[in-house]
Amino acid sequence: MNDGIALAVRALHRGERNLAGELARAADRHRAEHEIHHVATDLAVRSREHVRRIAATAADREVDLTGPPEAGDASDAVFAPHGTRSSAETADALDPGLLLLRDLRELHLSATANSLHWEMLAQLAQAARDPALLSLASACHPRTLRQTRWTNTMIKTMSPQVLTSL
Amino acid sequence: MELSLDRIDRPWGERTPYGRAEPWPTRVDSCLADGVEPEAVARWVQSASLLDSRGDAMDIAVLDGRIVGVRGRAAEYLAPHEEPDEEYPFQLTTGRTLYHFHTRTKTGRTPQLNAAAPEVWVEVSAEDAHRPGLGEGDPVEVSTPRGSLQARLRLSDVRPGALFVPFRYGYWDTPAGSGPGEKTPPRAANETTITDWDPASKQPLFKTAAAALTALDHGGGTR
């Protein structure tokens, strides 16, 4: 199978799995913020669905999703998932509002990375004349964009409150 | 000239969002009743709903002369954020009553209207009421993870498993004035529902909650 497809599928699998986890953690951490709690929970379900669909596609095409990329395959590391940098240890020391803004920023960046990967996969699918792959990207990408719109809107809503009250 | 155009069946005629005789956009989202497969739908009727900026509207699925679903840019289905369980076995929904308006601050001061519906009540199906031996007019408590209210029972044709409470009743006309008190049992339906809203419109979600129904004795304690 095409190496580029394997690369994009693996990048998306890691990215969506990562985002599902981040959303679930944010939903749990910000229970008192009702909209964050409920919508992040719903959006995590979408990412988990994407993970399942990507895994099914990978199984059809014998792309190995398990384990770390093979040693020496540097190209996989190019699309390493976003959002592994924020250290959980500092979380307790932070102002809850700042922590929320930080989490929203990370969610937005992770979702944006996924969105770009979906775009790459969609373009690749068209170039490779691969309708199954194109329909996967067309089905999932709009929902990833919805995730980025929500995180952006929440940052817009929360920033003035948080940053003027410091 | 077209001789007869069924405006119910084809409200758009030859027109589409892109002009006369241009193809309609492809629709992918659909929501059909349980057990109905897309292939089984007899007709997809283009609805006369307003087009959004992307130029789409909804189709209505018809089977055996009945509406069985929609297709188009209907929002994706999301399961309720709180489902009934063992502790809270009922699905509580809230709504209006004919005689009152908003929080009754006007209609509650109109003697005839107030007399028509002076107190909050709970509607339950006869099936659900008879099992624990409850009857019309019995005092009950409806409780959810957030709070509770006390009211008289009405047997009605709500579906089994559901409870209905009108949301009109607050505390402005009670002895306590602003909340439940010694002579004012809790009665505000919206304080029992989940704190949640639509992320786009911010419309609060006062319509679903998991709830428990308990019989009260006439003094107000649980039986």
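All chains are named by letter (A, B, ...) in the order of the sequence lines, taking the proteins before the strands, and each is independently numbered beginning at 1.
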TODO: Measure up the Trp197(B) and His34(A) rings against each other and bin them: parallel (under 30°), tilted (30 to 60°), perpendicular (over 60°).
DONE: perpendicular

If you count heavy atoms of other groups shown closer than 6.0 angstrom to [atom1] of [X], is the number above 12?
X         : atom1 : result
Asp85(B)  : CG    : yes
Lys207(B) : NZ    : yes
Phe101(B) : CZ    : no
Lys202(B) : NZ    : yes

Task: Separation of Thr41(A) OG1 from His81(B) NE2 (nearest 0.5 Å) - done: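 The distance works out to 7.0 Å.
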
Open item on the list: To check you understand the geometry: which heavy-atom pair defines the closest contact between His38(A) and Thr195(B), and what is its length?
Closed with: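 Nearest heavy atoms, His38(A) then Thr195(B): NE2-O, 3.5 Å.
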
